Amino acid sequence: MCFCKFLILSIEGLLVQSSIFSRRTSKLRNSISIQMSSSTDTVIQTVEPEFVHEGNANCCPIPGDAPNIKSAELPTIEAIDGINKEGDEYYDQSFEAQKMMKGECNDGYFTHISIPFSSSSPMKGAYICLDGDSSYWTSPPSHLIFTLTSSKGDKTSKKYKFPEFEEYRWYFLHVDLPDVVLCEITGKGRYKEYFDIESLVFISREETPEEITSREAREKLWSEAPVVRPEFVKGGNEESEGRDSIPIPRDDPKLVDPSFSIVKCKNDSYCKESEWYDRGSTAQRMLKRGGSVYLSHLSIPFPSPSPMKGAYICVSKNVSSPSLLFTFTDCDGKKTSKKYEFTRLKHWFEWHFLPINLDNVVLCEIEGKGSWLCGKNDRSFSIYSLVFLRGDDIPTSSPSLPFPLPLPCRAISPYTVPLDSVTLTPTSPSTITPQCIIGSGGFGDVILALLVSPFFPTPAVLCAVKCMKNACTHEENVRCVERMKKEFSRQCKLYSKASLQSCIPRPLHILDLLDGDLKGTFGMAMEFCQGGNVIEFAKSWAVDLDECDPCEDDEEDLVYDPVKIAALCVAIIECVATLCVAKKKLVHRDIKPDNFLVRYDALKKQCHVLLGDLGFVEI
């Protein structure tokens, strides 16, 4: 009984869909008949199509996000194949027509297409891509008639005749009308009654002087960038693991990890409405573990300025580009471009090494020109994998500190050093001068001090000591001591995870210089972050406009470099993200700029952002 009911409902649903389909195609046929009858009263102007270049739908002469593209109302585009029928109804080709307008591969066979536009605006013309192949499933148009309707209902018809050709071609169809809200296309195929169109892009206006200048600047950059020859590493065929066998392990500390979450990638051979336009998530997967991504522009930011020796890249024999332009931006905003030109690939997949040899890189932008498969006019290309390599002078481990951390942390102190062997300089509260204090808070002061012990591998360690503020009562001091011991123990446990050693300050020792009444100095010694907190570090980059009175501390006169500040913000986000991934149940409870510290190495020109003050942390 239930099955019968389900069957009846399914049949009713199919009948409703069939009715909707019938009404839609009937409506389109009516509009077509009206158009054909009215076209007999309209003078049809014959316009010669202008040949642009060879190439398939990926070779559009303008990018998919060009500001002078005239946007169509994609969901309301209607099209039919008026030759072939399914029963009494013509084949609905509206979905294929929408793909055609988005630059995607389509299998449409058209006799009539109706394209409404989102607003009344001028139309300069249209770029059209046609396949001249004489195969049985293709039928390029011998001619097309564009009937263009204005917002006032006036119609203008233009006829475009196309010559015979055998390859993919792009033409420009001149329109030059001040007001178009609807374009209806009819025509006839060269080999069949219907016609097919690979891609169609409408243009509203000519390029502005600024757009021309920007385009010419990019072309000049391509022509003037120094050419660097990639170094072949190894190859493999499509059935082997050659493309996946990266020349260096992905967890090698020499590799520079980008800020994966904000990598941006687009394929501008498609319009913005296409699902293939934004390739950011695919590009992130490609950078993490490999996998083909089709793109035209790739932007890769790095969490901190990094010296770069080069990059390993895996490219494909057919769809990769013979020429790649890498533009690197350093922390001072300086841009350096390098053009890598590949010879014809001999293997299906090939790994190459790209020499870079630049310091303090915070951003890498990549563009391609052409592809082996589609020729020099292809706007998209493919990269299978890409990893960046640090310079040879960069250590191959976490930023080095005086001595290693034994694992696991069994005691409150991570070092098996007797407490009575440790001396603190300054040695007591009475010898702490204002010059020693580098910070303060509700807990007490942070002082800059030397830890000295014959058990240390180095004679003395410069550190920051978070000192407990002496309370009024003995009980309060006991609670403060226990709280600080708990914080130190928690920090040791977190630091024992290798992935977190670049996110939090290194704990060094518990300093217990209290007397019997718990009076004196008690604190936890940690790695001293030379860059200070992120606010102080950012100010060190700023330019003071008020040079007349440099003693005046007026932040309104400070001008910050946006590239450097952006790199610092990215580093902050990466620090928090790494902590959250490593400890999913960790709650810091005191996130603020003052608690982000900068581990800075002036000699190596490296900095890492760390999250300090773990006193309120809960797991």
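Everything numeric in this text was worked out from a predicted model, so none of it was measured.
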**Message:** Going by side-chain hydrogen bond (donor to acceptor under 3.5 Å, both in side chains), name the pairs with one or both residues in residues 312-323, residues two or more places apart or in two chains.
**Reply:** none
**Message:** Please check: side-chain N/O of E96 versus main-chain N/O of D107, any donor-acceptor pairing under 3.5 Å?
**Reply:** yes
**Step-by-step side-chain contact (heavy atoms from CB on, under 4.5 Å) determination, H143 to T46** = CA-CA 10 Å; H143 72 270; T46 300; over 6 Å; no
**Prompt:** Can you list every salt bridge (Lys or Arg N to Asp or Glu O under 4.0 Å) pair that touches residues 115-126, not counting sequence neighbours?
**Reply:** K124-D176, K124-E206
For [X], all residues meeting side-chain hydrogen bond (donor to acceptor under 3.5 Å, both in side chains), sequence neighbours excluded:
{"X": "T329", "value": "K335"}
{"X": "Y171", "value": "R169"}
{"X": "D133", "value": "S135"}
{"X": "K161", "value": "none"}

With a sphere of 6.0 Å drawn around [atom1] of [X], does it hold more than 12 non-hydrogen atoms of other residues, nucleotides or ligands?
{"X": "K338", "atom1": "NZ", "answer": "yes"}
{"X": "Y294", "atom1": "OH", "answer": "no"}
{"X": "K369", "atom1": "NZ", "answer": "yes"}

Check whether any side-chain heavy atom of [X] sits under 4.5 Å from a side-chain heavy atom of [Y], and report yes or no.
{"X": "K334", "Y": "L358", "value": "no"}
{"X": "E350", "Y": "K234", "value": "no"}
{"X": "L177", "Y": "S150", "value": "no"}
{"X": "I197", "Y": "L144", "value": "yes"}
{"X": "E367", "Y": "T327", "value": "no"}
{"X": "Y191", "Y": "P140", "value": "yes"}
{"X": "V293", "Y": "L298", "value": "no"}
{"X": "M123", "Y": "F117", "value": "yes"}

Identify the heavy atoms of [X] and [Y] that sit nearest to each other, and give their distance.
{"X": "F381", "Y": "G368", "value": "CE2-N, 3.0 Å"}
{"X": "D196", "Y": "G108", "value": "CB-O, 3.4 Å"}
{"X": "F302", "Y": "D257", "value": "CD2-O, 4.0 Å"}
{"X": "T186", "Y": "H112", "value": "CG2-CD2, 3.4 Å"}
{"X": "A57", "Y": "C129", "value": "N-SG, 3.8 Å"}
{"X": "E198", "Y": "N106", "value": "O-ND2, 3.1 Å"}

How long is the gap from [atom1] on [X] to [atom2] on [Y], to the nearest 0.5 Å?
{"X": "D131", "Y": "N56", "atom1": "CG", "atom2": "CG", "result": "9.0 Å"}
{"X": "L324", "Y": "I383", "atom1": "CG", "atom2": "CD1", "result": "5.5 Å"}
{"X": "N58", "Y": "D378", "atom1": "CG", "atom2": "CG", "result": "5.0 Å"}
{"X": "I185", "Y": "F110", "atom1": "CD1", "atom2": "CZ", "result": "9.0 Å"}
{"X": "L287", "Y": "T282", "atom1": "CG", "atom2": "OG1", "result": "11.0 Å"}
{"X": "F202", "Y": "F146", "atom1": "CZ", "atom2": "CZ", "result": "5.0 Å"}

**Request:** Let me see the working for C374 and Y168 under side-chain contact (heavy atoms from CB on, under 4.5 Å), right down to the final yes or no.
**Result:** CA-CA 10 Å; C374 300; Y168 286 97; over 6 Å; no
Side chains of residues 59-74: which donor-acceptor partners sit under 3.5 Å, not counting sequence neighbours?
from : atom 1 : to   : atom 2 : distance (Å)
D65  : OD2    : K266 : NZ     : 2.4
D65  : OD2    : Y277 : OH     : 2.8
N68  : ND2    : R205 : O      : 3.2
K70  : NZ     : S121 : O      : 3.0
K70  : NZ     : S121 : OG     : 2.5
K70  : NZ     : V180 : O      : 3.1

Side-chain donor-acceptor distances from residues 220-231 under 3.5 Å, at least two apart:
from : atom 1 : to   : atom 2 : distance (Å)
S223 : OG     : E219 : O      : 3.4
S223 : OG     : K220 : O      : 2.8
R229 : NH1    : E341 : O      : 3.4

**Prompt:** Taking atom types as modelled and ignoring hydrogens, do the side chains of S296 and S380 form a donor-acceptor contact shorter than 3.5 angstrom?
**Reply:** no
**With sequence neighbours excluded, residues passing side chain to side chain contact (heavy atoms under 4.5 Å, CB included) with S214** = none
**Item:** For V47, side chain to side chain contact (heavy atoms under 4.5 Å, CB included) partners two or more places apart
**Value:** K158, Y160, H174
**Parallel, tilted or perpendicular, as decided by the 30° and 60° cut-offs, for the rings of H352 and F342** = perpendicular
**Message:** In terms of relative ring orientation, are W170 and Y127 parallel, tilted or perpendicular, with 30° and 60° separating the classes?
**Reply:** perpendicular
**Request:** Begin with the C-alpha distance, continue with both residues' side-chain angles, and end with the deciding distance and a verdict on side-chain contact (heavy atoms from CB on, under 4.5 Å) for E273 and Q98.
**Result:** CA-CA 10 Å; E273 288 80 5; Q98 294 169 22; over 6 Å; no
**Asked** Under the side-chain contact (heavy atoms from CB on, under 4.5 Å) criterion, do L200 and I115 qualify, and how do the steps go?
**Response** CA-CA 11 Å; L200 184 63; I115 305 172; 4.0 Å; yes
**Message:** Going by the rule salt bridge (Lys or Arg N to Asp or Glu O under 4.0 Å), which residues pair with E207 if we only count those two or more places apart in sequence or in a different chain?
**Reply:** R215
**Request:** Name all residues meeting the salt bridge (Lys or Arg N to Asp or Glu O under 4.0 Å) criterion together with D268; count only those two or more places apart in sequence or in a different chain, and write none if there are none.
**Result:** R379
